[in-house]
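Data first, discussion second: the structure below is written as structure tokens.
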Amino acid sequence: MVNSEKDRASLLRVKALASRGRLDTVSQQMASHPQYLESFLRTQHYILYMDGPLPLPYRHYIAIMAAARHHCKYLVSLHSAQFLRVGGDPSWLQGLEAAPPRLQQLDHINKVLAHQPWLTARSHIQALLKTGEQCWSLAELVQAVVLLAHCHSLCSFVFGSGSDPDIAATPRVPHGTPPGFCLCDAANGNTTLSPAPGAPAGKTQRRRSLDSSCEVACFREQIQKEEKERKGDRKGVSQTLPHADAEEEEEAMCSADPSRFVKDPEFGYQEFTRREEDHFQDYSWEDHGFSLVNRLYSDIGHLLDERFRNVASLPFPHSPDLKRAIWNYIHCIYGIRYDDYDYGEVNRLMERGMKLYIKAVACYPDSSKTPLCPLSWAPVKASEKVHVNVLVMEARLQAELLYALRAITQYMIA
Amino acid sequence: MEKMTKVSTINGRTMFCHLDAPANAISVCRDATQVVVAGRNIFKIYGLEEDGFVERLNLRVGRKPSLNFSCADVMWHQMEENLLATAATNGAVVTWNLARPCRNKQEQLFTEHKRTVNKVCFHPTEVHMLLSGSQDGFMKCFDLRKKESVSTFSGQSESVRDVQFSMKDYFTFAASFENGNVQLWDIRRPDRYERMFTAHTGPVFCCDWHPEDRGWLATGGRDKMVKVWDMSTNRVKEIYCVQTIASVARVKWRPERRYHLATCSMMVDHNIYVWDVRRPFIPFATFEEHKDVTTGIVWRHQHDPYYLLSGSKDSTLYQHMFKDASRPVDRANPEGLCFGLFGDLAFAAKESLMTAPSSVGEVGRKTYPGGDRRYPIFFFKKPDVTEQFAQVSSALSVFESEAGSAVGMDWFIKTAQSYLLSGKPFGELCEHNAQVAKRLNRPQESTTWTMLRIMFSEPANPSMSANHNLNKSGNLPLVNSFGMKEMSAALNERNKENRQDNIHNLDSNHNNNDDNEETEGSEGQAEYLFGDAELDDDDLYSMEHENPAAEETEYLLPQEAFPIRHEIMDHPSAPEPLQEKPESPHVSGSEAESMCLTPMESFSLISVSQLLFSPHLPPKFFCPIVKEMLCYYAEQGDVQTAVSVLIVLGERIRKEIDELTQEHWYMSYIDLLQRFELWNVSNEVIKLSTCGAITCLNQASTTLHINCSNCKRPMSNKGWICDRCHQCASVCAVCHHVVKGLFVWCQGCSHGGHLEHVKDWLKQSDHCPAGCGHLCEYT
């Protein structure tokens with residue numbers, strides 16, 4: 001059982017690595033929950049690359065905008081590179097002012113959703129959809145909103161799992177096919193650099209011996225080693241195809257300061273002041289959010305639904321109560337309260353350190369600012385921390401989506 | 001009888017009142033005189049007076065009402081008129097006794113559920129029995145004489161969305177779940193359900209037992225479906241299914257109408273629909289009053305089918321009268337049309353239309369009033385007294401294709417295959433295509449091509465073409481003089497028919513009459529003439545005065561490329577200097593000579609010695625005419641000609657016709673080509689088109705399904721790793737990386753890799769880079 005889980009996880013990683021040429025730290029972290037990772041990757045792939053009204057460069061640019069709100073350098077550079085790869089105009093990366101006005105319009109809702117989603121109102125939607133030269137269509141807007149929410153919450157995860165600070169160490173394996181990193185070798189634990197084309201003998205043999213039970217550690221080690229060696233003799237890789245170098249430069253260039261994609265950087269999270277009338281239970285994901293989002297952006301509802309379900313079904317080491325407490329606590333931070341939950345339970349079940357940690361990860365996932373509270377919470381196991389981070393991410397994603405979709409519903413009714 | 005008198009005392013009209021807050025649920029008391037409205041911030045009883053709602057009682061008391069007043073659901077007891085139950089959003093189940101003397105009518109409070117209670121339900125005949133279903137996945141049965149629940153049912157699955165006691169079986173209740181399941185329980189056996197089945201994908205929001213039919217259960221779900229299940233058999237069977245346009249929030253059987261049920265939706269759609277489950281495609285009646293989603297619907301009296309009450313998130317409470325409902329079926333189109341495999345055409349329309357005096361039936365038209373053995377009639381329903389739909393009896397006509405006539409679209413296929421669209425000078429292309437059309441006995445198209453060649457070719461040698469022009473241009477007025485009149489008559493005739501519907505198009509695409517093969521347009525026409533009686537009264541009248549024979553002769557006349565001549569007549573002479581011509585880019589210069597050297601047969605018969613206008617009209621001059629002609633062909637259904645001309649003319653005409661129209665033509669033609677499996681032609685057309693939307697067709701569905709090179713099993717959806725053997729598929733034999741672009745392989749040993757790598761490799765070595773010893777060759 002455990003073994004098959006492991007296999008599954010490693011296979012997923014291998015697949016991700018093979019198709020994207022890199023295994024990002026996010027996937028590596030999540031790999032301790034393979035079932036969840038699968039649905040996460042599927043959703044992400046769908047919203048970034050599959051059918052949808054927005055052109056691919058737009059999607060990545062929106063992702064950049066979203067990540068920049070939280071100063072998440074990791075995601076900004078990742079999507080900047082992908083933005084260029086799908087043919088985006090490099091000049092847009094100079095800053096938000098350089099982007100088309102349509103994308104600039106999105107800045108406001110981006111800001112609100114990122115920090116105080118409860119302020120999202122019908123008027124925001126209306127302003128974006130107002131007919132004009134630069135107007136958005138409803139379908140485009142829904143995809144944009146899903147993207148924004150996805151990236152905001154992913155920032156929380158990146159921050160929580162500490163993937164962001166070690167950007168420098170992030171494996172930067174060039175994409176596409178050029179040599180520099182050979183999958184087969186890595187899988188074998190064989191660390192020779194990509195072979196010179198003159199030594200083919202025995203290669204097929206070795207490929208056959210590819211072992212399915214390759215471990216994360218192996219990958220990481222391999223990748224990092226690789227990285228170092230590559231850094232060591234960048235000149236030496238002249239046999240790489242020319243565009244590999246170009247990409248390298250691009251990435252180096254885009255990993256610059258995210259703040260240029262942000263207007264109004266002072267805007268941040270503020271305590272949600274409880275307003276009695278703003279009960280949110282009348283708008284739930286199962287009943288309302290799903291139907292609306294699936295209607296306007298087909299199939300995404302099912303994918304997100306699967307994500308939420310997978311999170312709910314992840315076995316939590318302590319108790320389901322604690323899990324529900326975490327989830328409801330995050331929703332509460334974002335102003336969504338449930339009638340049928342006793343919020344006293346949050347304090348009973350969660351120690352202070354954990355609460356602070358969760359709040360920091362959910363609301364201030366910004367490593368560029370000094371954290372408001374020390375991240376003192378230290379779980380027993382690393383996988384537990386990942387689990388909590390995943391919970392934070394998903395709860396936050398759902399909260400943002402609900403606010404955005406409710407605003408869209410209100411717009412549609414009016 | 002007592003029933004009936006009771007019903008007759010109900011009267012009223014469509015009316016509404018504003019509530020203070022959005023409603024979540026409503027329920028009526030047994031005698032249909034009062035309705036209770038419950039919501040997060042509202043809990044009130046309204047009296048139903050003849051001319052309006054009157055607020056009777058506000059149950060929400062206290063300065064700061066507790067969450068127990070925040071209702072997700074409410075039900076009024078159907079036996080005990082003072083008893084109500086609510087499901088609170090905080091998980092409490094509350095009963096209310098209206099007979100209590102104080103302001104607070106709350107009687108009992110059960111706080112056993114941990115999560116929101118979604119539904120409460122009184123037993124229809126047992127006074128003290130109450131059932132609840134909650135988000136926590138449990139259902140509880142309460143005896144109102146006791147302080148606690150008497151039994152708890154665990155669904156073992158996700159949240160309970162609805163619970164309903166069976167109307168007929170004392171002990172049975174149904175519960176629907178968020179995971180799509182429906183369970184049947186026996187109230188005496190809390191340990192496990194009697195049966196369970198999956199009713200929907202996604203949550204089942206509601207269910208309702210049929211008031212009369214034992215064992216019929218209607219369910220509605222987030223998958224936008226309403227299903228009716230027959231539980232009386234051993235295996236639960238889906239007997240009806242209605243597809244709505246939004247997730248179904250509530251479903252309620254209509255009293256006294258066996259097959260009717262009312263639904264409202266959870267999101268987006270604010271209307272209430274009443275469906276006849278046997279007619280699942282169109283609602284029987286629609287109530288369109290609400291401005292926000294309808295959250296509660298209830299028939300006012302359990303034996304009266306004419307009053308429906310509804311509460312909504314828009315904070316209104318409505319009483320809908322059935323007579324005021326809108327009936328979508330009245331606006332529906334009762335005509336139907338379908339093609340058979342072999343070109344037969346079936347057409348069904350109201351009998352009243354079909355009985356119009358028909359012209360003499362010819363070529364294979366047969367009418368089957370009421371049905372025929374060979375064509376089992378699905379639309380001719382037996383009148384059913386219980387059915388409320390207006391009886392529409394339809395008559396079916398079947399137009400059979402004639403046996404022995406040229407099979408179907410032969411000409412289309414041949415034309416598509418033999419037309420040349422590119423690769424030669426313009427003049428040659430036109431000439432070639434003209435010949436093709438002529439061979440296939442389509443003189444009109446043939447002439448069109450010839451005319452195009454003449455109009456758009458560049459005269460190389462003025463004197464020569466001037467000479468020549470005598471023949472050509474001279475004949476124009478002549479043709480006009482004898483052709484015009486009948487032609488316009490025929491045209492009018494056509495236009496009249498064209499507007500009718502797309503019969504025409506279909507017709508022309510699939511027609512089998514061989515004698516009409518020249519033009520699609522006339523072909524459709526001809527067939528049409530014979531059968532027209534069934535189609536439209538208007539048309540009938542316009543045709544009556546002409547007999548078919550006369551028309552047929554009329555038909556042949558206009559085929560001399562008439563639309564073109566017409567315009568020329570209007571501008572008999574418009575001499576233009578030679579220099580102005582070449583402004584339109586040409587495919588090649590050599591096309592010029594081909595222009596007029598060989599007189600066409602059609603022209604050669606007539607010779608006029610008068611030079612009407614200079615031969616050097618700029619090609620641009622003809623554009624409006626050509627455009628008109630293309631539109632005409634497209635209109636006639638001969639999109640083939642339109643597109644072919646469009647491609648051959650290229651830049652000469654492109655700007656004249658708006659992108660959308662072009663795109664539309666291309667799409668139609670490509671669609672046709674693909675139906676006839678003319679993939680090559682279709683691809684050529686796609687390639688030659690200049691519309692962005694068309695050229696990108698070639699980018700679509702470029703998925704290639706591959707097998708793993710190691711285990712020979714199909715590769716999974718995406719990725720470069722085989723699921724089964726966990727190896728990289730399609731690895732380059734030279735660099736051992738996954739090949740993500742062009743993959744070249746040796747047909748001898750089937751090893752290969754990156755195009756560049758293999759190329760380089762084989763420059764140095766003769767052997768296969770994989771080391772298999774094969775002597776590969778790169779060519």
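In this text the structure is predicted, and so the values were computed from the model without any measurement.
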Query raised in the report: For A/D305, is it the side chain, the backbone, both, or neither that has a heavy atom closer than 4.5 Å to a heavy atom of chain B?
Result: side chain
Query raised in the report: Which region of B/A72, side chain (C-beta onward) or backbone (N, CA, C, O), has a non-hydrogen atom less than 4.5 Å from a non-hydrogen atom of chain A, or is it both or neither?
Result: neither
Report summary line: Between the CZ atom in A/R295 and the OG atom in B/S247, the distance rounded to the nearest 0.5 Å is 8.0 Å
Query - Min side-chain heavy-atom separation A/Y283-B/M267 under 4.5 Å - result: yes
Query raised in the report: Between B/H270 and A/I413, is any pair of side-chain heavy atoms under 4.5 Å apart?
Result: yes
Query raised in the report: Just how far is it from atom CE of A/M412 to atom CG of B/D292, taken to the nearest 0.5 Å?
Result: 11.5 Å
Query raised in the report: Going by heavy atoms in the side chains, are A/D339 and B/R40 under 4.5 Å from each other?
Result: yes
Report task. Check the surroundings of atom CH2 in B/W745: do more than 12 heavy atoms from other residues, nucleotides or ligands lie under 6.0 Å from it? Result -> no
Report task. Could you walk me through whether B/K114 and A/D321 pass salt bridge (Lys or Arg N to Asp or Glu O under 4.0 Å), step by step? Result -> CA-CA 12 Å; B/K114 287 204 185 63; A/D321 284 347; over 6 Å; no
Query raised in the report: How would you list, by chain and number, every residue that makes a salt bridge (Lys or Arg N to Asp or Glu O under 4.0 Å) with B/D269, sequence neighbours excluded?
Result: none
Report task. Evaluate the criterion side-chain contact (heavy atoms from CB on, under 4.5 Å) for residue pair B/R222 and A/N294; output intermediate values, then yes/no. Result -> CA-CA 11 Å; B/R222 195 172 69 180; A/N294 213 35; over 6 Å; no
Report task. Please identify each residue that fulfils side chain to side chain contact (heavy atoms under 4.5 Å, CB included) with B/A92, with sequence neighbours left out. Result -> B/N68, B/A88, B/N90, B/V94, B/L109, B/T111
**Report entry** Criterion salt bridge (Lys or Arg N to Asp or Glu O under 4.0 Å) on A/R309 and B/E158, from CA distance to verdict
**Finding:** CA-CA 11 Å; A/R309 269 164 200 275; B/E158 285 172 64; 2.8 Å; yes
**Report entry** Among B/Q135, B/M266, B/R115, B/K291, residue most engaged with chain A (heavy-atom pairs, under 4.5 Å)
**Finding:** B/R115
